[in-house]
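All of these numbers come straight from a predicted model, not from anything done at the bench. Note: hydrogens, waters and symmetry copies are ignored here, and every other heavy atom, side chains too, is used. Whatever order the structure lists them in is the order used to number ligands and atoms, beginning at 1.
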Amino acid sequence: MIKTYKSIRGTYDFSPAETYLFNQIAEKARHIFALYGYDEIILPFLEEEGVFIRSVGETTDIVEKQIFRIAKRSETDSDIVLRPEGTAQVVRYYLEHALYKQSDFNKFSYIGAMFRGERPQKGRLRQFHHIGAEAMGSDSIFLDAEMISLSLKLLDEIGITERKLNINTLGCQADKEKFMSLLKKDLSARRNELCPDCQRRLLKNPLRILDCKQEHCKKIAVSFCLSETSGKTYLCKDCDSKFQELLKLFKSSNIDYVYNPCLVRGLDYYTNTVFEITSSSLGSQDAIGAGGRYNNLIKNLGGPDIPACGFALGVERVMLALNKSQAQIAPDVFIAVTGENLRDESFKMLQVLRAANVHCDMDYCAKSLKGQLRYAEKKGINFVLIVAEEEYSQGFVILKNMEASSQEKIKIGDLTEVVRGVVADGEGIA
Ligand code: HAM
């Protein structure tokens, strides 16, 4: 028996209609990124593992459990992985090309596939796509506000109006460490109640307990975040006032938000502002986008002390939240051939119409006329050009309007002009 193949678990085949929707989303994103001054870059899928270990963090789920490693082809190869996210990679690019020397402020956008070996479920894939933006060189709270309003603007343009913006601040590195030590102190008393992974996290990186998939561990950590102890006592004056300023900016710009003191994000590089946008239509994997500040990442990856901030939307989740009936992509005109002796001439007509920018196609399967009309109807093609023996011998073809169930004879010499006319009327666009 010949083995048949299926797609890899956690990967997704986009149908033509889904690809069309994906491209429409990407096109909108590109338009808005240009409007906000973000320059698009295309970076490789492959990166050295260290880029993510030193940024996302050694004890995060992404690095500990989800990295796809590529087998070394020679002993001298570095440890290569499929990129799990874009931020650390953009910072690697920024540092490798010393872009901070060319300009003290840089804005980048990217659209591309990311890879994480997670347990697949609805909205959680092993290969998915990010639409993201990163800005390096400013610590202004107005940049945080721009990032958040940019991600909301993208969702608006795409058509997702039902969503919730969750926001929190981790404070600067010193604040974050204070927060972790308070969390560690509080949770140490309940160490035995934590799962083995979290007992380890408690020692190495207590913040990650908030990402634990075990409900009980999460509950313990959340109750700490909500408790008096954490009542933002870890925040220094400067970070607190910056956060208040950001919330004020939201109010004056009519941006609705929910302050969520338990939001820490599952990547280690964040400092200060962190945010997540959720959609209730998505079920358990409800985050459609997220981001925040990472003021120490550039320095930690060997660069100068430059503050930065960014976000990424998950395209597949955005598409799920859109829940759009699949877009029809159909040609405007279909050429129905009624005999093999007319195929040559029909093919020429097809070329002429395409050269005139008419979106058209023809039958390649020697179907009967009835079969060809049925095919055009199923595809949602409104105009069928019937090339029939008798009319053709008199210098005519028949143009059939499927929706109106009407037809007219048109002179072959007038073909392009007439067809372009009806299509331009919009009647032919599916
Ligand atoms: P993240 O939260 O890991 O952040 O990913 C951003 C978004 O990607 C999520 O909100 C979600 O919509 C989508 N996503 C994540 N994992 C999956 C998955 N397994 N399947 C489908 N969709 C997924 C980052 O990656 C940061 N780099 C965001 C950022 C940019 N922060 C600053 N700049």
Closest non-hydrogen protein atom to [atom], residue and atom name please, with distance?
| atom | answer |
| --- | --- |
| atom 21 (C) of ligand 1 | G123 O, 3.3 Å |
| atom 4 (O) of ligand 1 | R265 NH2, 2.9 Å |
| atom 14 (N) of ligand 1 | F128 CE1, 3.6 Å |
| atom 33 (N) of ligand 1 | E134 OE1, 2.9 Å |
| atom 13 (C) of ligand 1 | G314 CA, 3.6 Å |
| atom 30 (C) of ligand 1 | T87 OG1, 3.0 Å |

What class does the angle between the rings of [X] and [Y] fall in, given that below 30° is parallel, 30 to 60° is tilted and above 60° is perpendicular?
| X | Y | answer |
| --- | --- | --- |
| H129 | F14 | perpendicular |
| F33 | Y38 | tilted |
| Y364 | F347 | perpendicular |

Using a 4.0 Å cut-off to any heavy atom of [X], which atoms of ligand 1 qualify?
| X | result |
| --- | --- |
| R124 | 19 (N), 20 (N) |
| Y270 | 26 (C), 28 (C), 29 (C), 31 (N), 32 (C) |
| G289 | 10 (O), 12 (O) |
| I288 | 10 (O), 12 (O) |

With a 4.0 Å heavy-atom cut-off (strictly under), which part of [X] contacts ligand 1: side chain, backbone, both or neither?
| X | answer |
| --- | --- |
| R126 | neither |
| F311 | backbone |
| Y269 | side chain |
| H130 | side chain |
| E118 | side chain |

- [ ] Using side chain to side chain contact (heavy atoms under 4.5 Å, CB included) as the criterion, point out the one residue from I158, L313, I160, T278 that pairs with I288.
- [x]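 It is I160, the one option of I158, L313, I160, T278 that forms the side chain to side chain contact (heavy atoms under 4.5 Å, CB included) with I288.
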With respect to [X], determine whether any N or O atom, backbone or side chain, lies less than 3.5 Å from an N or O atom of ligand 1.
| X | answer |
| --- | --- |
| Y294 | no |
| L313 | no |
| E85 | yes |
| L125 | yes |

- [ ] Out of G266, A287, G117, indicate the one that has the non-hydrogen atom closest to atom 12 (O) of ligand 1.
- [x]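 Residue with the shortest heavy-atom distance to the ligand atom: A287.
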- [ ] Return the option from K122, Q89, R116 holding the heavy atom at the smallest distance from atom 15 (C) of ligand 1.
- [x]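 It is R116 whose heavy atom sits nearest to atom 15 (C) of ligand 1.
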Task: Distance flag, aromatic centroids of F334 and Y375, threshold under 6.0 Å - done: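 Centroid separation for Y375 and F334: below 6.0 Å.
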TODO: Indicate, with yes or no, if the rings of F179 and F224 have centres closer together than 6.0 Å.
DONE: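 Here the rings of F224 and F179 have centres that are less than 6.0 Å from each other.
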Open item on the list: For R354, give me all partners under salt bridge (Lys or Arg N to Asp or Glu O under 4.0 Å), at least two apart in sequence or on another chain.
Closed with: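 Counting only residues at least two positions away or on another chain, R354 forms a salt bridge (Lys or Arg N to Asp or Glu O under 4.0 Å) with D361.
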TODO: Look only at the side chain of E18 and the backbone of S15, and say whether a donor-acceptor pair between them is shorter than 3.5 Å.
DONE: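 Side chain of E18 to backbone of S15, a donor-acceptor pair under 3.5 Å: yes, one is there.
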Task: Which residues share a ring pair (Phe, Tyr, Trp, His ring centres under 6.0 Å) with F108, sequence neighbours left out - done: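 So F108 forms a ring pair (Phe, Tyr, Trp, His ring centres under 6.0 Å) with Y93.
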Open item on the list: Checking side-chain polar atoms at under 3.5 Å, does H130 have a donor or acceptor matched by the opposite partner on E85?
Closed with: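 No donor-acceptor contact under 3.5 Å links the two side chains.
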Open item on the list: Determine whether F68 and F45 satisfy the following criterion, ring-ring contact (aromatic ring centres under 6.0 Å, His included), listing intermediate values before the conclusion.
Closed with: CA-CA 11 Å; F68 279 111; F45 290 167; over 10 Å; no
- [ ] Please state whether G132 comes within less than 4.0 angstrom of ligand 1, counting heavy atoms only.
- [x]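 No; G132 lies far enough from ligand 1 that no heavy-atom distance drops under 4.0 Å.
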Open item on the list: On a heavy-atom basis, which atom in E64 and which in E58 lie closest, and how many Å separate them?
Closed with: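 Smallest heavy-atom distance, with atoms named: CG-O, 3.3 Å.
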Open item on the list: Once rounded to the nearest 0.5 Å, what's the spacing between atom CG of L235 and atom CG of L170?
Closed with: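 The CG atom of L235 sits 9.0 Å away from the CG atom of L170.
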